[in-house]
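Following: one structure in structure tokens, then a few remarks.
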Amino acid sequence: MPCPNYRRKRTISKAFRVSPEENERIELLSKAAGVTQQEYIMTKLENKEFTIVPDIRTYKMLRDEMRAVYQELCRIRNGSDVDECLETKIELLTELFAGLNDTKTDSPLQQADDLISGMERR
């Protein structure tokens, strides 16, 4: 069926099935990258790299996801009851947080605190 908008670049539709866990992973990764799911999938298919500049929305999304994981861990209490899906989500969030930490520079306030703590008394 032709696209009603003839100016559109992408006129062919592709669809595929994923499990609920895979869907959740795609949603989480695309939100963290700040792009649509289609853009995320296309970029990964073309084996391109993302340049992610985290903004406040990204931090809030990751915080909310981590809060949900924390609540789930509090609910189960026993580490042996962690299912594979939750374990995968924890690993993914850990990688995302670690990546954000590497790109983040110290704030001027943190730099001042470090300078003060490094001072010595005479």
Side-chain angles (χ1 to χ4, degrees):
M1 182 170 157
C3 182
N5 185 350
Y6 66 91
R7 291 185 204 111
R8 235 179 164 167
K9 291 180 183 177
R10 295 183 175 134
T11 58
I12 299 173
S13 177
K14 296 286 183 185
F16 57 95
R17 297 193 180 275
V18 295
S19 68
E21 294 82 15
E22 292 167 334
N23 183 50
E24 188 175 338
R25 184 176 176 89
I26 292 169
E27 287 178 359
L28 180 63
L29 288 169
S30 64
K31 284 180 186 176
V35 296
T36 65
Q37 292 180 28
Q38 178 181 338
E39 290 173 321
Y40 181 80
I41 291 169
M42 289 300 296
T43 303
K44 286 298 185 179
L45 282 173
E46 294 169 352
N47 210 13
K48 293 181 181 175
E49 292 292 321
F50 280 107
T51 302
I52 301 173
V53 180
D55 59 355
I56 191 69
R57 196 175 335 151
T58 305
Y59 285 114
K60 286 181 180 179
M61 183 275 306
L62 288 173
R63 179 199 62 203
D64 294 343
E65 290 293 329
M66 194 58 95
R67 184 176 291 142
V69 168
Y70 175 74
Q71 289 172 346
E72 181 68 16
L73 288 174
C74 287
R75 185 185 68 77
I76 58 176
R77 297 264 182 199
N78 186 354
S80 63
D81 295 340
V82 176
D83 66 343
E84 188 176 325
C85 178
L86 181 60
E87 191 174 321
T88 304
K89 189 172 186 178
I90 291 170
E91 289 172 3
L92 176 63
L93 286 170
T94 303
E95 289 174 17
L96 289 172
F97 272 108
L100 288 176
N101 191 26
D102 290 344
T103 61
K104 188 177 177 185
T105 59
D106 286 342
S107 68
L109 185 59
Q110 182 64 40
Q111 291 173 353
D113 286 347
D114 292 342
L115 182 65
I116 292 170
S117 66
M119 295 174 99
E120 295 179 8
R121 254 192 142 138
R122 291 184 188 196

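Positions are given from 1, in the same order as the sequence printed here.
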Note to self: For Glu49, is the CD atom crowded, meaning more than 12 foreign heavy atoms sit under 6.0 Å from it?
What the structure shows: no

Separation between CZ (Arg67) and CZ (Arg63), nearest 0.5 Å, reads 5.0 Å

d(Glu21 CD, Ile26 CD1) to nearest 0.5 Å is 11.5 Å

When rounded to the nearest 0.5 Å, the distance separating OG1 of Thr43 from CD of Gln38 is 10.0 Å

Common cluster, Met61/Ile56, ILVMFWY with side-chain heavy-atom separation under 4.5 Å
no

Go through Leu28 and Leu92 one step at a time and tell me if the side-chain contact (heavy atoms from CB on, under 4.5 Å) criterion holds.
CA-CA 9 Å; Leu28 180 63; Leu92 176 63; 3.3 Å; yes

Start with the C-alpha distance between Arg25 and Thr88, add both sets of side-chain angles, then the distance that settles side-chain contact (heavy atoms from CB on, under 4.5 Å), and finish with yes or no.
-> CA-CA 9 Å; Arg25 184 176 176 89; Thr88 304; 3.7 Å; yes

**Within one Ile-Leu-Val-Met-Phe-Trp-Tyr cluster: Phe16 and Met42, side-chain cutoff 4.5 Å** = yes

